[in-house]
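A quick write-up on the structure given underneath.
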Amino acid sequence: MFRDLFQKKKKYATIPSQRWSNEPASDDEQPQERPKREIPEGLMNKCSKCGTIHYSKELEKNLKVCSNCGYHMRLNAIERIVMTVDEGKFTEMDAGLESIDPLNFPGYAQKLEQQKMNSGLRDAVITGQGEIDGHPVMLAVMSFDFFSGSMGSVVGEKITRAIEAADERGLPLIMFSTSGGARMQESIISLMQMAKTSAALARYQENGGLYISVITDPTMGGVSASFAMLGDIIIAEPGALFGFAGRIVIEQTIRQKLPDNFQTAEFNLEHGQLDMVTHRKDMKSMLGDLLDYHTGKGGF
Amino acid sequence: MAGEMPFEMPLVELRKKIDELKQFSQDKEIDFTDEINRLEERYRQMEGEIYTNISAAQKMHLARNQQRPTTLDLIPLIFTDFIELHGDRMFGDDLAIVGGLARLEGKPVTIIGHQRGKDTKDNIARFFGSPHPEGFRKSIRLMKQAEKFGRPIVTFIDTKGAYPGNTAEERGQSEAIARSLWEMAKLRVPVVCVVIGEGGSGGALAIAVGNRVLMLEHAIYSAISPNGAASILWKDASKADQAAEAMKITAEDLLGMEIIEGIVPEPQGGAHKDYEETAAAIKQELLHHLQELAGMDAEALVLDRYNKFRKIGEFVEKQISTSFGTPDQQEQGTEATEQVAVADEDSEHLSSVTNAFHNSDSTDALPH
């Protein structure tokens, strides 16, 4: 199931196998014209920022960062976990939680099914225990490809359980955020997940728990204004957009002119909202180093 | 009467007719008593019909009525000796949130609330009741002050949402809201919140993490404004009325979902018809809930607030054996027994899950 997922790269332009003949293509008449020129689908990807074409394998090796412009392409939760944890060191928890349609909201039930089909995920976050550079940690990793990473009951519950588990097991907590905000289709219940997750963090952090928040592109609204901004240490990937109200909302409501780099990680670093901006290739070692600082071997 | 809503217009017109007839009968000295009595009867009937069936969309318009009482209108009618306190001590004083000291039946409390403007000039100064980070940070400061001196906290919620703008984003709107949620969760004094008008999104929730959350009868509370939802769903913000019905935003809806603990009745036709009656009803509820909470010690209050929000969420929980990267097991899992876990009864389940993990844990867990 997961392997299938890696081949579904609808985000990137692919170069399809094309016929070079001027005649209208018809499978019956020209079954084998220029078979050697055919390029398998998904062999190449195009950077959505600068347009550079990359071999997919090269891009994978480069952790899906454009070698030309440095654009950090969006990852789904599974890619992110594979990239972050030590090999084979991840045990998912609460995998069986699924959204229902508590408000009978128009179109929500169908949309949920569609999102599950398209992403291969059950909801917008995967949580579990893993190891990073040998340090055991609780992880919560969000996935933008499920319902724009929006937070409804399931995301709120899984994140809260992950925080509570970190508290009970005495583990550090690392959460990778990416989200369009609260899930509108669960209205007030979604909003309350902000309070729920923040309250769980308050308890965990007051008990001495270390929480590292990693903000990835994009993290907005209800997620940005709750657990994403409550890290003891907050890291963002280069170029990641994050903030409360999005550019379009601001432009439409108050017609304010906004700077080009508005709400990027760099903008937020400049305005004191972040500890650091860390390149994807350095993320794991940075997390490892930070965890190392908190292993409790203190005192002179 | 002032501040009639469109749905009240039939009543207004009928009242006008009755008055005209009365005037006419006086002027011409003709006896229309029977006719007038019949119309009065009809009026009462219509009144009953209109006011007992106020729809979500109509409530949305009532909640946004410019003449609806604001925080500063209600404070002197509920509390005495209000002393306003200003500023976040970091950047500025956001007039979209007001706060300070007051006495409720002689007992000191800290009161904090969103403040809409009463006219255009006032609205501009107060950003139409949409706070910047400094507003939330002022609120946090006043709450911690209340905690230090053992005062209960009362908050009034009335905002379309946090201010959407460059200046707010630069100064950390997200962090300010998140921090407010985080700090409120830890407060060791009673917190009672009342949604008095519009409870819009994170900007509303930021001061609404209370042991008790109440709503005025016609107040609304939602994750996104019905206008915003309509523009996302149907690409048409003018379908806000339709969205309002779908989103379950009324006090009754929220009480049913156990998001709030009580509804404060409004005068017939809405809070704007009688400020004093509205204030008296709020005061009664505040006293009731604060007296109830007075019996709890600090730890119990924090736990009570935690549990209130912890149980909110609706989902199903399917039994799945989870081993990352083994697709076959995952597929099987979907066919396994389904168990509806409407969150509040799953604390047992939670501990069983975590116990299972404890057993498989390595012993070199990090201390923290």
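Just so it is clear, the model here is predicted, and its values are computed rather than measured. All chains are named by letter (A, B, ...) in the order of the sequence lines, taking the proteins before the strands, and each is independently numbered beginning at 1.
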Rounded to the nearest 0.5 Å, how far apart are [atom1] of [X] and [atom2] of [Y]?
{"X": "A:T160", "Y": "B:Y306", "atom1": "OG1", "atom2": "OH", "value": "6.5 Å"}
{"X": "A:L201", "Y": "B:L181", "atom1": "CG", "atom2": "CG", "value": "10.5 Å"}
{"X": "A:S187", "Y": "B:I249", "atom1": "OG", "atom2": "CD1", "value": "7.5 Å"}
{"X": "A:H271", "Y": "B:N166", "atom1": "NE2", "atom2": "CG", "value": "7.0 Å"}
{"X": "A:N268", "Y": "B:E169", "atom1": "CG", "atom2": "CD", "value": "8.0 Å"}
{"X": "B:I260", "Y": "A:M192", "atom1": "CD1", "atom2": "CE", "value": "9.5 Å"}

task: Go through the atoms of B:R171 and report whether side chain, backbone, both or neither lie under 4.5 Å from a heavy atom of chain A.
output: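 B:R171 touches chain A through backbone heavy atoms alone.
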Side chain / backbone / both / neither for [X] at chain B, heavy atoms under 4.5 Å:
{"X": "A:Q205", "value": "side chain"}
{"X": "A:E251", "value": "neither"}
{"X": "A:A200", "value": "both"}
{"X": "A:F267", "value": "side chain"}

Most contacts with chain B, counted as non-hydrogen pairs under 4.5 angstrom, among [options]:
{"options": "A:G152, A:G107, A:A195, A:S190", "answer": "A:A195"}
{"options": "A:R203, A:Q252, A:M220, A:M229", "answer": "A:R203"}
{"options": "A:A182, A:G246, A:G243", "answer": "A:G243"}

task: Please check if atom NZ in A:K116 has more than 12 non-hydrogen atoms from other residues, nucleotides or ligands closer than 6.0 Å.
output: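 Counting other residues, nucleotides and ligands, NZ of A:K116 exceeds 12 neighbours.
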At a heavy-atom distance under 4.5 Å, which candidate from [options] has the highest pair count against chain A?
{"options": "B:A208, B:A223, B:G199, B:A206", "value": "B:A223"}
{"options": "B:G228, B:A168, B:A246", "value": "B:A246"}
{"options": "B:S201, B:A185, B:A162, B:S174", "value": "B:S174"}

- request: Salt-bridge test for B:E317 and A:R122: reply yes if a basic N is under 4.0 Å from a carboxylate O, no otherwise.
  value: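 No, no charged N to carboxylate O under 4.0 Å.
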query: With the threshold set at 4.0 Å, does a side-chain nitrogen-carboxylate oxygen contact exist between A:E186 and B:K248?
result: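 Result for this pair is no, no salt bridge flagged.
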- request: Please name the pair of heavy atoms, one in B:K186 and one in A:A202, separated by the smallest distance, quoted to 0.1 Å.
  value: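 Closest pair (atom of B:K186, atom of A:A202, distance): CG-CB, 3.7 Å.
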query: Is there a donor-acceptor pair under 3.5 Å between the side chain of A:Q193 and the backbone N or O of B:I312?
result: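 Judged by distance alone, yes, a pair lies under 3.5 Å.
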query: Any donor-acceptor pair under 3.5 Å linking the side chain of A:S153 with the backbone of B:E314?
result: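 Here the side-chain-to-backbone pair exists.
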query: Do B:E175 and A:Q273 get their side chains close enough for a donor-acceptor pair, meaning under 3.5 Å?
result: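 No, because no side-chain N or O of B:E175 sits under 3.5 Å from a partner of the opposite role on A:Q273.
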Can you find a pair of side-chain heavy atoms, one from [X] and one from [Y], that are under 4.5 Å apart?
{"X": "A:L191", "Y": "B:S222", "value": "no"}
{"X": "A:E98", "Y": "B:F315", "value": "no"}
{"X": "B:M257", "Y": "A:I189", "value": "yes"}

task: List the steps and the verdict of salt bridge (Lys or Arg N to Asp or Glu O under 4.0 Å) for B:K311 and A:E157.
output: CA-CA 9 Å; B:K311 71 177 168 36; A:E157 182 69 19; over 6 Å; no
- prompt: Can B:L254 and A:I188 be said to form a side-chain contact (heavy atoms from CB on, under 4.5 Å), step by step?
  reply: CA-CA 8 Å; B:L254 269 62; A:I188 193 74; 3.8 Å; yes
